[in-house]
> 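Could you have a look at this structure, given as structure tokens, before my questions?
Whatever order the structure lists ligands and atoms in, that order sets their numbers, starting from 1. Only this structure's heavy atoms are used, side chains among them; waters, hydrogens and symmetry mates stay out.
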Amino acid sequence: VRLVDHHCHGVVLDDLDRAGFEAYLSEGGPPAPGETNFDTPAGLAVRRHCAPVLNLPVHASASSYLERRAELGGVEVARRLLASTGTSAYLVDTGHNPAALTSPARLAEVGGGTARHIVRLESVAESLFPGDPGSFSSAFTERLAATVASVRAVGVKSVAAYRTGFRIDPARPGETEVARAVEAWQRTGVARPADPVLTRFLWWTAVDLGLPIQLHVGFGDQDIRMTEVDPTLLTDWLKLHRVPVMLLHCWPFHRQASYLACVYPNVYLDVGLTLPFVGPRRGIAVLAEAAELTPFTRLLYSSDAYALPELYHLAALTFRGALSALVDDRVSTGEWAAADGERFASMVAHGNAERVYGL
Ligand SMILES: [Zn+2]
């Protein structure tokens with residue numbers, strides 16, 4: 001069954017030395033002194049599951065893995081690891097570190113399949129910094145629409161989880177409120193917007209646009225304050241509109257996200273970023289928990305892979321294993337008809353994404 005990866009990033013095709021590789025292998029960045037990121041669930045999964053794709057024995061050592069990687073070269077490594085995922089379409093968030101990563105077109109060329117753009121709201125806002133407080137609202141609205149049209153984007157994304165968190169007023173802010181927030185933002189001298197009023201303004205502009213809105217939820221790097229990114233904090237905002245909201249990754253709040261999908265008709269979720277980092281065995285439990293209450297029409301696949309093609313490979317492998325474990329269990333115990341199991345698997349693997357994003 002083919003996969004639609006509804007949230008991912010480009011890969012690094014340049015050859016990486018050990019430090020470069022390890023820094024991308026953890027959401028925490030480079031390893032702590034005296035440690036290696038190969039001693040993590042993701043690191044062990046690379047040695048177990050990516051090594052054979054590079055013609056090495058399973059559990060090859062970290063150094064022989066990196067040697068073989070250098071021998072094959074970044075492009076060939078990416079080609080093999082991406083092809084193994086069986087991904088037919090990549091929806092690529094181009095908002096983070098675009099200079100170091102492949103463009104969506106190049107990613108699709110190396111990996112096979114097609115690529116579509118997801119536009120990051122905060123990047124569009126940053127492109128207007130320092131801006132004019134009085135006209136920021138209209139300038140942002142125009143620039144977002146123009147950016148979406150120019151790349152034929154199929155969705156937008158917000159990284160508010162990394163900036164303000166979700167404990168914010170759900171209401172649409174007024175023009176004066178936005179102008180005051182832009183003034184305060186200008187005074188910080190930093191292009192990175194981290195003001196709750198701006199977050200609300202960006203989200204509501206996205207609601208007006210009507211494309212699916214991806215929100216980073218839960219697990220992420222050190223900028224996440226985990227207590228502020230529980231998706232149930234979005235409850236009041238979710239009541240105010242009906243535009244699809246795609247809750248990405250969600251760990252450890254995947255059960256809260258599952259609940260929201262159960263009660264709000266416009267809420268969707270995945271356990272993307274989580275999968276490569278928990279590895280194939282725990283991925284079975286995590287996906288099963290994410291599916292506990294979720295309507296089968298609202299669960300999606302993403303890898304949230306970034307920089308290392310290994311993360312695409314591990315995400316797809318973990319997802320496929322977890323999905324077939326779930327379906328096999330329900331079908332073999334007689335809970336579901338075999339035909340329903342097949343239908344569910346193809347909806348989650350690609351059908352739901354194709355429908356919501358109009359692919
Ligand atoms: Zn991402």
> Is the distance from the Zn ion (ligand 1) to some N, O or S atom of Asp93 under 2.8 Å?
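Here the distance criterion (N, O or S atom, under 2.8 Å) is not met by Asp93, so no.
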
> The Zn ion (ligand 1) to His7: any N/O/S contact under 2.8 Å?
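Yes.
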
> Would you sort out whether Tyr357 and His6 count as a ring pair (Phe, Tyr, Trp, His ring centres under 6.0 Å), showing the intermediate values?
CA-CA 9 Å; Tyr357 293 97; His6 88 113; 5.7 Å; yes

> Report the name of the N/O/S atom of Asp304 located nearest to the Zn ion (ligand 1).
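Closest to the Zn ion (ligand 1) among those atoms: OD1.
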
> Would Ile168 and Phe140 show up in the same hydrophobic cluster when neighbours are defined by side-chain heavy atoms closer than 4.5 Å?
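In one cluster with Ile168: Phe140, yes.
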
> Is the distance from the ring center of His216 to that of His249 below 6.0 Å?
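Yes, they do, as the ring centres are separated by less than 6.0 Å.
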
> Hey, is there an N, O or S on His96 sitting under 2.8 Å from the Zn ion (ligand 1)?
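No, His96 does not qualify, because none of its backbone or side-chain N, O or S atoms lies under 2.8 Å.
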
> Do Trp336 and Phe296 have ring centres separated by under 6.0 Å?
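Ring-ring flag for Trp336/Phe296: true, centres closer than 6.0 Å.
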
